[in-house]
Colleague: 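Submitted below is the structure of interest, expressed as C-alpha cells.
Counting starts at 1 for both ligands and their atoms, in listed order. Here the structure is a predicted model, which is why all the values come from computation and not from measurement.
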Amino acid sequence: MPEVAMTFRLRTLSQTPLARAHEHRLLRGGEGRRNAIPWSRFARKQYPAAALALASQALVDLAAGEYEALVGFSQVSSALALVGAPFDIVAAAARVPADELRHAEYALRLAAILTQRDVGEIPIRVAKDKLERLSARHWTFEAVDGMMAAVPAISETLSAGLIVARRDQSSDPLVHAVLSSILADEVHHARLGWYYLMWRSPRWTPAERQRVADRVGAIVAGIEESFWHGREAPRGCKQAARALGVLDSAAQRAAVRAIMEQEIVPGLDGLGLGASHAWRARRRGR
Ligand SMILES: [Fe+2]
Ligand SMILES: [Fe+2]
C-alpha cells in the first residue's frame, strides 16, 4: 500500500485562558526552573539569507519529528500502562509527551525567528497514517519490548547525539540555547528506554531475548543508510549554516557513527542483544 496521506498542521492556540498559561510555561522553559532562552537575541544580519532558509527548514523538519514523538510517546505510556509495567517506568514515560510538544514549539519558534515569519504561519508535515496505525495496536509485553528498544532507547539516544552535534558546531547563542534546552529532555527520554530494557532483560526467556535482538538488529543495520544525507549549504554559506546548527552529510555521518559505536551498539550488546554483528553488516548509504 502506498504510504501517503501526510497532513499539514499549523500551530494554533485556543484563545482561552489555557493559551496564556501555555505560552507562559513555554517561555519559562517548561515545568521546573531552567535557563531562560534568549529569544530576542538573534543577530539575523550576521547570516546570509540562504543559510537562514536552510537552517529554518531543518528546524521545521525537527518540529515535525518532535510532534510525531509526542504521539509516539503517548502510545508508549499507554502501552506500558496496559501491559502493567512498573509505575516508575509508566510515570517517566507519561512525562515525555509534554516535552516533545515543547520541543516542537521551540523548533518552530526558532524557525520563525530565523526567517521573520509568524509561528502560526509555518506548516509542518506529520506522518498521520503511520501514527494512527500505532495507536490501533494491541499491546503485549513482547510488542512493548520491541517498541521500547526502537523508540526511547535507540531513536532517542540517536536524536540526543544529533542534537549534541548540531549544538556543538553552532556558534549562535540563541540556536545553542534552544538546542541545549531540547537536549536536556532527550537525555531523560533515552534513559527511559535503557532503564526499561535493564528491568526487562533478566525476565526474558532465551526465545524472547532473541526476538528483541532480531528487531534491534534490523534497526541497527539500516540506521547509517537512513541518516546518510545531511543538508548541504549552498555556495558561500557553509560557515553560516554550521553556525546555525545545520549538519551537512559529512558531519551527520560522523555523528551517527560516533553515537552508534560509543553508545547504542555497546548498550545493546550489554543487554545480550548482540548488535555489533548487525552494525558490522550494516547497509551503507549512496
Ligand atoms: Fe524531543
Ligand atoms: Fe524525545
Side-chain angles (χ1 to χ4, degrees), residues 9 11 22 25-32 34-35 37 55-80 85 88-112 119 122 124-127 130-131 134-135 144 146-168 170 174-197 219 223 226-227 245-247 252 255-256 259-260 263-264 267:
R9 161 161 209 112
R11 186 221 190 222
H22 175 80
R25 209 175 299 120
L26 203 63
L27 289 179
R28 240 183 29 216
E31 308 296 344
R34 290 165 189 248
N35 296 333
I37 294 172
S56 173
Q57 191 50 51
L59 287 161
V60 174
D61 292 347
L62 177 67
E66 300 288 350
Y67 197 88
E68 291 178 3
L70 150 72
V71 182
F73 271 103
S74 307
Q75 293 308 314
V76 167
S77 60
S78 68
L80 286 166
D88 55 315
I89 290 178
V90 180
R95 287 193 291 270
V96 178
D99 291 342
E100 303 297 13
L101 186 59
R102 184 171 58 253
H103 301 167
E105 297 206 62
Y106 280 178
L108 278 180
R109 186 176 289 256
L110 184 54
V119 167
I122 305 179
I124 55 173
R125 245 169 190 276
V126 178
K130 186 182 79 188
L131 295 169
L134 183 68
S135 67
V144 172
M147 176 177 65
M148 294 302 281
V151 182
I154 297 179
S155 130
E156 292 286 313
T157 303
L158 187 65
S159 36
L162 288 169
I163 301 264
V164 169
R166 288 173 73 163
R167 184 197 62 177
D168 289 354
S170 131
L174 176 58
V175 172
H176 205 275
V178 170
L179 294 176
S180 294
S181 169
I182 294 178
L183 179 65
D185 297 323
E186 303 299 11
V187 169
H188 291 284
H189 304 170
R191 275 185 203 153
L192 163 66
W194 295 107
Y195 289 151
Y196 171 88
L197 294 171
I219 297 170
I223 278 185
S226 43
F227 286 87
V246 178
L247 294 178
Q252 182 162 297
V256 168
I259 306 150
M260 290 305 292
E263 293 181 43
I264 297 177

Colleague: Specify which N/O/S atom of His103 comes nearest to the Fe ion (ligand 1), by atom name.
Modeller: ND1
Colleague: Could you tell me if the side chain of Tyr196 sits less than 4.5 Å from the side chain of Val76, heavy atoms only?
Modeller: no
Colleague: Only N/O/S atoms count here: what is the atom of Glu66 closest to the Fe ion (ligand 1) called?
Modeller: OE1
Colleague: Ignoring hydrogens and angles, tell me if any N or O in the side chain of Ser226 forms a donor-acceptor pair with the backbone of Ile223 under 3.5 Å.
Modeller: yes
Colleague: Kindly report the OE1-the Fe ion (ligand 2)-ND1 angle for Glu186 and His189 respectively, rounded to 10°.
Modeller: 90°
Colleague: List the atom of Ala79, the atom of Val144, and the distance in Å for their closest heavy-atom pair.
Modeller: CB-CG2, 4.0 Å
Colleague: Restricting to N/O/S, name the atom of Glu156 that gets closest to the Fe ion (ligand 2).
Modeller: OE1
Colleague: Check all N, O or S atoms of Glu100 and name the one closest to the Fe ion (ligand 1).
Modeller: OE1
Colleague: How far apart are the closest heavy atoms of Leu27 and Arg109, and which atoms are they?
Modeller: CD2-NH1, 3.8 Å
Colleague: Does some side-chain heavy atom of Leu179 sit less than 4.5 Å from a side-chain heavy atom of Leu183?
Modeller: no
